[in-house]
Amino acid sequence: MDMVFYSVIMFAGALLFFGVAAAIYRGNTNLIHSYHQTQVEEADKKKYGEAFSKGLFVLAIAMVFSGVIALFGETVPVVVLSVGVLLAGMAVSFLMLAKVQKEFNGGFIR
């Protein structure tokens, strides 16, 4: 895979996640599936949106870092580092989202 193409995909995905996270952070929680908000109290919607969006921001930042690293070439160490940064960012992001869901909604599955 051409690493420039990979970088462009990472930057485009990061831009999308930044946009969605910013909208949610500002209070547009209807961008989060209603199923994930079934137990969220109306008074907690703002805090829920802010906490949820932080997980999306982490994912977007990981995508940017992964894309930047990929621009350094197509050698095995660069590819491994780029993908590793992406996977680590995804893991941190998903753990943050799971924590938010557990705190505000009682978990992912109800």
Side-chain angles (χ1 to χ4, degrees):
M1 173 191 250
D2 183 36
M3 295 310 282
V4 173
F5 179 70
Y6 173 84
S7 294
V8 169
I9 297 297
M10 289 295 106
F11 298 149
L15 188 62
L16 176 69
F17 278 108
F18 270 124
V20 171
I24 292 170
Y25 189 84
R26 287 190 215 114
N28 194 0
T29 57
N30 63 346
L31 291 173
I32 304 169
H33 195 282
S34 61
Y35 175 80
H36 295 298
Q37 301 182 57
T38 54
Q39 303 296 321
V40 179
E41 300 293 328
E42 196 62 40
D44 291 335
K45 290 269 183 167
K46 181 172 174 43
K47 284 199 262 185
Y48 171 71
E50 289 173 354
F52 193 94
S53 66
K54 288 176 186 174
L56 295 180
F57 281 130
V58 167
L59 179 58
I61 290 167
M63 292 174 80
V64 169
F65 284 150
S66 178
V68 169
I69 293 168
L71 292 174
F72 287 100
E74 295 185 21
T75 63
V76 172
V78 171
V79 172
V80 169
L81 182 60
S82 179
V83 172
V85 166
L86 178 63
L87 293 176
M90 289 173 65
V92 170
S93 175
F94 295 157
L95 287 172
M96 290 174 72
L97 292 172
K99 181 182 175 200
V100 169
Q101 285 304 111
K102 184 174 182 183
E103 179 182 342
F104 288 95
N105 197 41
F108 280 111
I109 301 171
R110 295 281 311 159

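In this chain, numbering begins with 1 at the start of the sequence shown. No hydrogens, no waters, no symmetry mates; every other heavy atom, side chains included, goes into these values.
- Using a 4.5 Å cut-off on side-chain heavy atoms (C-beta onward), Leu71 and Met3 make no contact.
- Both Phe57 and Phe65 belong to a common hydrophobic cluster when Ile, Leu, Val, Met, Phe, Trp and Tyr are linked at side-chain heavy-atom distances under 4.5 angstrom.
- Taking hydrophobic clusters as Ile, Leu, Val, Met, Phe, Trp and Tyr residues chained together by side-chain heavy-atom distances below 4.5 Å, Val83 shares a cluster with Leu86.
- Apart from Val80 itself, the hydrophobic cluster it occupies contains Val76, where clustering links Ile, Leu, Val, Met, Phe, Trp and Tyr at side-chain heavy-atom distances under 4.5 Å.
- Interatomic distance, OG1 of Thr29 versus CZ of Phe104, reported as 11.5 Å (0.5 Å rounding).
- Taking CD1 of Ile32 as the reference point, atom CD of Gln101 lies at 7.5 Å (rounded to 0.5 Å).
- Contact detail for Met96 and Val58: the closest heavy-atom pair is SD-CG2, 3.5 Å.
- Applying the side chain to side chain donor-acceptor pair (under 3.5 Å) test to Lys47 and every residue at least two apart in sequence or in another chain returns nothing.
- Closest approach of Glu74 to Asp2, counting heavy atoms only: OE2-OD1, 3.1 Å.
- Note on residues 83-95: no pairs pass side-chain hydrogen bond (donor to acceptor under 3.5 Å, both in side chains), not counting sequence neighbours.
- Under a hydrophobic-cluster definition in which Ile, Leu, Val, Met, Phe, Trp and Tyr are linked whenever side-chain heavy atoms come within less than 4.5 Å, directly or via other members, Leu87 and Tyr6 are assigned to the same cluster.
- Judged as a salt bridge (charged side-chain N to carboxylate O under 4.0 Å, His left out), not a single pair has a partner in residues 88-98 (not counting sequence neighbours).
- Applying the side chain to side chain contact (heavy atoms under 4.5 Å, CB included) criterion to Ala62, with sequence neighbours excluded, gives no partner residue.
- Within the structure, salt bridge (charged side-chain N to carboxylate O under 4.0 Å, His left out) pairs that include any residue of residues 49-73 comprise Lys46-Glu50 (at least two apart or interchain).
- For the side chain to side chain contact (heavy atoms under 4.5 Å, CB included) test, residues two or more places apart in sequence or in another chain that qualify with Ile69 are Val78, Leu81, Ser82, Val85.
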Atom pairs and distances, donor-acceptor, side-chain atoms in residues 12-26, under 3.5 Å, two or more places apart:
none

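- Met63 and Val92 fall into different hydrophobic clusters, where Ile, Leu, Val, Met, Phe, Trp and Tyr side chains are chained together by heavy-atom contacts under 4.5 Å.
- Residues Met90 and Leu95 fall into different hydrophobic clusters, defined by Ile, Leu, Val, Met, Phe, Trp and Tyr side chains chained together at heavy-atom separations under 4.5 Å.
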